[in-house]
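First the proteins, then the strands, lettered A, B, ... as listed; each starts at 1.
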Amino acid sequence: MAANGPARERRETRRVDGFGEAPAYVGVVERRPRQPPVPVVLAPGAVELAGPLFGTRDVGPFDADLTRQHPGEPLGERITVSGRVLDGRGRPVRGQLVELWQANAAGRYAHRLDDRRAPLDPNFTGTGRCLTDDSGRYRFTTIRPGAYPWASHPHAWRPAHLHFSLFGTAFTQRLVTQMYFPNDPLLPYDAIRNALPDPDARRRLVAVYDPDLNEPELSLGYHWDIVLDGPAATWTAPASVPAQGGR
Amino acid sequence: MPLAPTPSQTIGPYFAMALPFPGGADLAPAGHPDAVTLHGYVLDGPGAPVPDALLEFWQAAPDGSPAGAAAGPRRDGDAFTGFARVSTGEDGHYALRTLLPGGAPYLALCLFARGLPHHLFTRVYVRPPGDDPLLAALPAERRATLLAAHDAARPRSYRFDVRLQGDEHHAETVFLHFGGAP
């Protein structure tokens with residue numbers, strides 16, 4: 001945030017009725033379009049109904065284990081994060097790229113703009129990639145990121161979170177979002193999550209502790225499923241219903 | 001009953017540690033004689049450059065098929081991928097090398113930036129569109145924001161600026177909504 005400073009960041013939040021003292025993130029005011037997006041009905045075959053292909057070559061052997069990317073062990077609590085990537089009809093999104101970035105255990109990013117007073121970890125970069133399997137499942141081993149303060153408003157701390165980037169079968173399904181941890185006391189105060197007016201939508205960003213995902217003697221497991229929005233590419237209609245193409 | 005979608009959250013200021021990859025701006029195979037440059041600036045409402053935007057382009061191949069070669073972070077540079085991922089520089093500028101799409105004459109663009117709670121979709125038209133229902137439905141001033149400028153003196157170069165927010169003097173780039181939740 002050094003390039004912009006606290007004054008700039010402070011203008012990115014506003015108080016919203018119903019959130020008590022917790023403000024909601026509205027973004028950088030000068031970057032928000034004033035016009036509503038123009039609705040487009042995509043014809044079958046529209047390029048947006050397809051999407052880029054990824055392959056096993058795009059993912060290296062240590063890309064999905066963020067604790068194994070350096071010679072030494074990173075500091076922090078080991079976690080395993082896994083779930084399924086689905087489309088709106090519940091179909092698995094197979095073989096697609098999932099990307100992850102995060103702060104280290106002290107809440108600092110390995111990024112030049114994060115100059116906060118917290119240590120970097122020479123054994124942790126905080127970036128990962130994997131491909132979903134045939135059931136749409138992704139899986140990362142990493143460390144639980146720390147919370148960190150930011151200048152949006154007094155006492156503002158980001159709750160621990162993982163940044164996720166996802167592709168569907170269609171370009172329309174592209175998603176960048178953030179995953180949170182259950183029972184984090186910072187969640188009700190987080191302006192970024194509070195940018196979502198719908199409490200159910202906010203809840204859908206919180207993972208569930210799942211002991212079945214624990215790796216014995218190593219990590220705590222968190223389960224988080226991701227549902228992609230937007231029209232999908234290849235809807236296989238039930239036999240009795242005519243296909244409707246691109247909707 | 002459809003599943004409720006996972007909502008979007010801002011890409012934030014730190015994505016550059018994870019998302020850009022070498023060769024991300026090259027959709028065209030290395031040394032391809034038909035390669036063109038598409039470039040421009042991302043600007044905010046007051047006209048200041050946006051130095052921390054991520055632009056992703058997805059387009060049909062020259063034969064019109066919407067399926068490129070493996071498009072990811074470890075591409076080999078030998079095949080047309082259809083997918084580009086580029087960040088803006090300190091001056092808000094981006095550039096990529098591609099082959100012009102066959103079929104519908106546009107590249108799909110998905111733009112992310114710090115300060116945007118949700119990504120923005122738009123289209124970059126690189127040829128005069130014939131019968132295009134989206135462009136036909138827009139007033140002329142707004143339609144122009146989707147047309148890449150073709151400099152006759154530089155036949156292999158196209159210019160497309162994104163203006164995130166308009167004012168009384170500048171038209172805001174048209175952003176698109178494809179269905180699903182806004």
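Looking at R31(A), its side chain never comes within 3.5 Å of a backbone N or O of A113(B) through a donor-acceptor pair. Remark: side-chain polar atoms of H119(B) are paired, donor with acceptor, to backbone N or O of R174(A) under 3.5 angstrom. In this structure a side-chain-to-backbone donor-acceptor pair under 3.5 Å is present from W58(B) to A50(A). Of the possible polar contacts, one joining the R204(A) side chain to the P5(B) backbone as a donor-acceptor pair under 3.5 Å is found. At least one donor-acceptor pair under 3.5 Å links the side chain of T6(B) to the backbone N or O of V227(A).
Heavy-atom pairs under 4.5 Å with chain A were tallied for P7(B), G45(B), P2(B); the largest tally goes to P7(B). Chain A forms the most heavy-atom pairs under 4.5 Å with one residue out of L120(B), L19(B), L116(B), V42(B), and that residue is L19(B). Each of T122(B), L43(B), T10(B) has some count of heavy-atom pairs under 4.5 Å with chain A, and the biggest count is that of T10(B). For chain A, the option among P73(B), P117(B), A18(B) with the highest count of heavy-atom pairs below 4.5 Å is P73(B).
Atoms CG and CD, from L205(A) and Q9(B) in turn, are 5.0 Å apart once rounded to the nearest 0.5 Å. Here the straight-line distance linking atom CZ of F164(A) with atom OG of S8(B) works out to 14.0 Å at 0.5 Å rounding. If you take CZ on F171(A) and CZ on F178(B), they are separated by 8.5 Å, rounding to the nearest 0.5 Å. Distance OG1/T127(A) to OH/Y14(B): 16.0 Å, rounded to 0.5 Å. Expressed to the nearest 0.5 Å, how far CG of L134(B) lies from CG of L42(A) amounts to 10.0 Å. Between the CG atom in L3(B) and the CG atom in L228(A) there is a gap of 10.5 Å [rounded to 0.5 Å].
Using a 4.5 Å heavy-atom cut-off against chain A, the contacting residues of residues 166-176 of chain B are G166(B), D167(B), E172(B), V174(B), F175(B), L176(B). Interface with chain A: from residues 93-100 of chain B, no residue qualifies, criterion being any non-hydrogen pair under 4.5 Å.
Heavy atoms of R142(B) lying under 4.5 Å from chain A belong exclusively to its side chain. Both the backbone and the side chain of I192(A) have a heavy atom closer than 4.5 Å to some heavy atom of chain B. Residue L109(B) touches chain A through its backbone alone, counting heavy-atom pairs closer than 4.5 Å. Neither the backbone nor the side chain of Q96(A) comes within contact range of chain B; no heavy atoms are under 4.5 Å apart. For L138(B), the part sitting under 4.5 Å from any heavy atom of chain A is the side chain, from C-beta outward, and nothing else.
Contact check on R32(A) versus D44(B) returns no salt bridge, with no Lys/Arg side-chain nitrogen under 4.0 Å from an Asp/Glu carboxylate oxygen.
Between E48(A) and R123(B), the closest side-chain pair of non-hydrogen atoms falls below 4.5 Å.
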Inset, instruction - Carefully, step by step, assess F15(B) and Y109(A) under the rule ring-ring contact (aromatic ring centres under 6.0 Å, His included). - result: CA-CA 10 Å; F15(B) 63 84; Y109(A) 289 86; over 10 Å; no

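Considering all non-hydrogen atoms of both residues, V47(A) and Y106(B) come closest at CG1-CE1, 3.5 Å.
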